[in-house]
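Residue numbers run from 1 in the order of the sequence given.
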Amino acid sequence: MSDRYFRLMERHQKLDEALRLARDPLDVLRLRSLKSAVKARLAALFLRRPEAVLATV
């Protein structure tokens, strides 16, 4: 697992935890947006490296 992929996964988990604790609707919208962006970057990074699929199996 690359450092970049690990950092993005870690950030995704932190945003998920922050979403669970968020009470303000505006904070929830902001955090969802950030989490979605991180998820898209993770997907793009994963698709760019097809050998990573074989390494995880």
Same cluster for Leu26 and Leu21 if Ile/Leu/Val/Met/Phe/Trp/Tyr side chains link at under 4.5 Å? no
Any link between Val38 and Leu29 through a network of hydrophobic side chains (Ile, Leu, Val, Met, Phe, Trp, Tyr) touching at under 4.5 Å? no
Restricting to non-hydrogen atoms, name the atom on Leu19 and the atom on Val28 that form the minimum distance, rounded to 0.1 Å. CD2-O, 3.7 Å
State which residue, out of Lys39, Arg7, Glu17, fulfils the side chain to side chain contact (heavy atoms under 4.5 Å, CB included) condition with His12. Lys39
Looking only at non-hydrogen atoms, find the nearest pair between Ala22 and Asp27 and report the distance. CB-CB, 4.4 Å
Straight-line distance of Gln13 CD to Lys35 NZ, nearest 0.5 Å: 10.0 Å
Verify the cluster assignment for Met9 and Leu34: are they in a single hydrophobic cluster under the rule of side-chain heavy atoms below 4.5 Å apart? yes
Kindly indicate, with the supporting measurements, whether the criterion side chain to side chain contact (heavy atoms under 4.5 Å, CB included) is fulfilled by Arg41 and Leu45. CA-CA 6 Å; Arg41 288 169 59 190; Leu45 184 64; over 6 Å; no
